[in-house]
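Inspection log for the structure reproduced underneath, given as structure tokens.
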Amino acid sequence: MPEVEYPSGKKRQAIEMGVLALLAVLFLSVSLYVQNPFAKGADPAKAVGIIVAAGLTLVMYSFLYRDNALFKIAENLYVGVTLGYGAILTWRTALRPDVYMPFFEAPTRAAFMAAVLHRTVPIILGILLVTRISRKHGWLSRYAYAFLIGWGAGVAIPLTTHTFILQQLYSAIAPFQSAAQGATATAFSASWFWDVALPVFGAVLVLIGTIAVLFYFFFSVEHKGAPGMVSKLGVLFLMVSFGASFGYTVMGRVSLLIGRVQFLLFDWLKMPK
Amino acid sequence: MAQRQAEMRQFNTVRWTIYILVALVVVLPYVLRLPLPLKFTPSRDVRKLYDRMDSLKPGSHVLLSLDYDAASQAELQPMSRALLEHCFKKGLIPIVMTHWQSGLGLDKQVIDEVANKAKEALGKEVKSGRDYVFLGFKPGYSNLVLNMGENLKGAFDKDYFGQSTGDMPALQGVTSLKDIDMGVDLAAGSDVGMWIAYGSDRFNFPLGAGTTAVQAPDMTPFLDSKQLVGLLGGLRGAADYETLLDMPDGGTTGMLAQSSTHVLVILLIVAANARLLLGRSARKRE
């Protein structure tokens with residue numbers, strides 16, 4: 001893809017600024033006319049919120065033209081607002097109810113003692129994590145990390161092994177098991193085809209695909225002759241998988257665009273649904 | 001230099017043509033109010049989730065974990081709306097929570113919206129603590145799920161509005177995740193895998209999922225192993241659920257724009273490949 005070069009120069013910049021100003025005026029005029037936050041019975045906070053959101057959406061799409069100052073402002077605003085919102089929510093949903101209130105707003109002495117008993121160690125471990133910001137005292141955070149990793153691994157290993165390996169293994173073997181159990185029953189009937197033959201065919205296909213794809217990444221043998229054919233089969237399976245992922249990704253990205261378009265048309269421009 | 005400038009011009013022309021075409025196929029169906037020309041059949045995985053939800057008795061508890069934020073709102077918010085509408089329509093009690101603190105506002109918004117709509121449809125007020133529970137956000141992720149599996153009311157001693165969960169009528173008969181009749185995770189991240197490993201597999205409750213389209217193919221193994229009872233994939237999944245529910249909304253209205261964009265993408269892929277092949281054969285002839 002050739003790198004895009006834009007001719008620079010004061011004239012071009014002036015034209016761009018002029019167009020930008022014109023678009024800004026147009027946007028504000030349309031927004032104020034449609035949303036009319038000062039109208040009787042209007043919800044000014046909601047209207048202003050919609051105008052700001054619509055403006056930021058359009059500014060974000062201005063990147064399609066090229067990187068520009070308004071896009072940069074919106075980008076930084078997004079990061080700042082997300083951080084600020086996150087900080088407030090962390091205080092309101094975690095620190096205040098779980099750290100501050102049990103100690104400083106304990107209703108009884110017994111509740112205060114219970115907080116001291118149950119919450120002191122976790123709070124100390126939490127504070128130790130923050131010592132990472134200091135070069136001198138950063139080593140203290142290792143105690144907290146050691147606890148986190150040790151506890152996490154102990155809990156996670158059995159559960160994830162069961163969910164992601166054993167259950168999946170069972171699901172891969174299950175069609176063969178049901179085929180073996182139903183082998184004497186109505187062979188070559190319609191139900192046999194759907195309930196036995198097709199799942200077994202699927203399971204065999206998955207097995208062949210898994211081996212072929214793994215072989216594609218196995219470099220100890222030269223991929224010529226029979227190994228080469230297996231490797232090519234692996235590429236074929238990979239392409240099918242990438243194709244499915246690409247299709248779904250296109251669908252996802254288009255959905256995001258549709259979401260914004262729906263917002264601009266129905267919420268900002270108040271087009272009837 | 002002149003050749004490079006010509007290349008750049010051509011590149012920019014193609015780029016802008018694609019942008020304009022995509023914008024047109026997305027916007028025009030709404031502006032011209034084009035009807036959806038084809039009837040789409042809901043997919044098998046969506047139907048499974050719908051049937052499972054529909055088979056629950058009134059008063060059953062459905063845990064909805066809305067694990068997304070504004071970045072995935074377009075795909076997952078219509079799913080939340082459809083699932084909540086189904087719950088209120090059937091008299092099920094949704095217990096809503098999130099692992100994403102940045103999505104808390106969206107969750108509140110969709111609950112209020114659907115509760116108001118249900119109030120109009122049912123003619124009675126849908127009340128927090130009686131008809132639904134909004135637990136809100138708590139940090140902890142997988143640890144929180146384990147905690148809920150041991151003692152749900154201990155993990156969330158208060159709901160989003162500050163009401164105590166201990167004597168909440170909507171949570172009568174629920175002490176832990178084991179008492180949940182059904183769980184659905186609508187996730188923009190890796191939360192579905194976590195809910196399966198730490199929640200449904202460990203505490204034995206049926207789990208369904210709704211994911212962004214990008215993630216949907218990764219969920220297929222869990223459907224095959226029956227660790228998920230059903231799956232809503234992307235905006236199409238939401239539209240399928242709305243169709244089954246007979247309540248067309250944001251998902252269904254997006255389908256024409258989605259389908260026309262898909263046709264455009266296919267045409268562009270064909271055109272680009274044809275151009276590549278023609279260029280290659282022309283170079284060979286030279």
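In the text below, chain A, chain B and the rest are named by the order of the sequence lines, each starting its count at 1. Here the structure is a predicted model, which means the values were calculated and not measured.
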* Grab the two heavy atoms, one from B/Gly234 and one from A/Met251, that are nearest each other, plus how far apart they are. =>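 So the minimum-distance heavy-atom pair works out to CA-CE, 4.5 Å.
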* Asked: Do you know the tightest heavy-atom contact between A/Tyr248 and B/Pro217?
  ->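 Closest pair (atom of A/Tyr248, atom of B/Pro217, distance): CD1-CG, 3.3 Å.
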Non-hydrogen side-chain atoms of [X] and [Y] separated by less than 4.5 Å:
X: A/Phe246; Y: B/Ile269; result: yes
X: B/Arg202; Y: A/Leu159; result: yes
X: A/Leu64; Y: B/Arg15; result: no
X: A/Tyr61; Y: B/Tyr19; result: no
X: B/Tyr198; Y: A/Val155; result: yes
X: A/Thr90; Y: B/Phe137; result: no

First locate atom [atom1] of [X], then atom [atom2] of [Y], and finally report the distance between them rounded to the nearest 0.5 Å.
X: B/Thr261; Y: A/Leu257; atom1: OG1; atom2: CG; value: 7.0 Å
X: B/Thr253; Y: A/Gln262; atom1: OG1; atom2: CD; value: 4.5 Å
X: B/Asp201; Y: A/Leu166; atom1: CG; atom2: CG; value: 10.5 Å

* Between A/Gln167 and B/Ser225, does any side-chain donor sit less than 3.5 Å from a side-chain acceptor? ->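 B/Ser225 and A/Gln167 do not have a side-chain donor-acceptor pair below 3.5 Å.
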* To do: Go through the side-chain N and O atoms of B/Gln227 and A/Thr163 and say whether any donor and acceptor fall under 3.5 Å apart.
  => no
Given that the side chain runs from C-beta out, which part of [X] has a heavy atom under 4.5 Å from chain B: side chain, backbone, both or neither?
X: A/Leu265; answer: side chain
X: A/Ala156; answer: both
X: A/Pro272; answer: both
X: A/Tyr170; answer: neither

Which answer fits [X], side chain, backbone, both or neither, if we ask what part of it has an atom under 4.5 Å from a heavy atom of chain A?
X: B/Pro139; answer: side chain
X: B/Gln258; answer: both
X: B/Tyr160; answer: neither

Among the options [options], pick out the one with the most heavy-atom pairs lying under 4.5 Å from chain A.
options: B/Arg33, B/Gln73, B/Lys226, B/Gln77; result: B/Arg33
options: B/Gly193, B/Gly251, B/Gly233; result: B/Gly193
options: B/Val31, B/Asp224, B/Asn143, B/Leu146; result: B/Asn143
options: B/Glu75, B/Gln215, B/Gln101; result: B/Gln101
options: B/Ala71, B/Ala23, B/Ser72, B/Ala74; result: B/Ala74

Quick check on [X]: does its [atom1] atom have over 12 non-hydrogen neighbours (other residues, nucleotides or ligands) under 6.0 Å away?
X: A/Ile88; atom1: CD1; result: no
X: B/Lys48; atom1: NZ; result: yes
X: A/Phe103; atom1: CZ; result: yes
X: A/Tyr145; atom1: OH; result: yes

* To do: Over 60° means perpendicular and under 30° means parallel, so classify the ring planes of B/Trp16 and A/Tyr65, tilted if in between.
  => tilted
* Find the one option among A/Arg260, A/Arg92, A/His162 whose heavy-atom pairs under 4.5 Å with chain B are most numerous. =>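 Highest number of heavy-atom pairs under 4.5 Å: A/His162.
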* What residue, out of A/Gly259, A/Ser245, A/Ser171, has the most heavy-atom pairs lying under 4.5 Å from chain B? -> A/Ser171
* **Working for side chain to side chain contact (heavy atoms under 4.5 Å, CB included), residues A/Leu256 and B/Thr212** => CA-CA 10 Å; A/Leu256 298 183; B/Thr212 58; over 6 Å; no
* Just do the side chain to side chain contact (heavy atoms under 4.5 Å, CB included) check on A/Asp98 and B/Lys138 with the steps written out, would you? => CA-CA 10 Å; A/Asp98 292 335; B/Lys138 263 256 159 150; 3.7 Å; yes
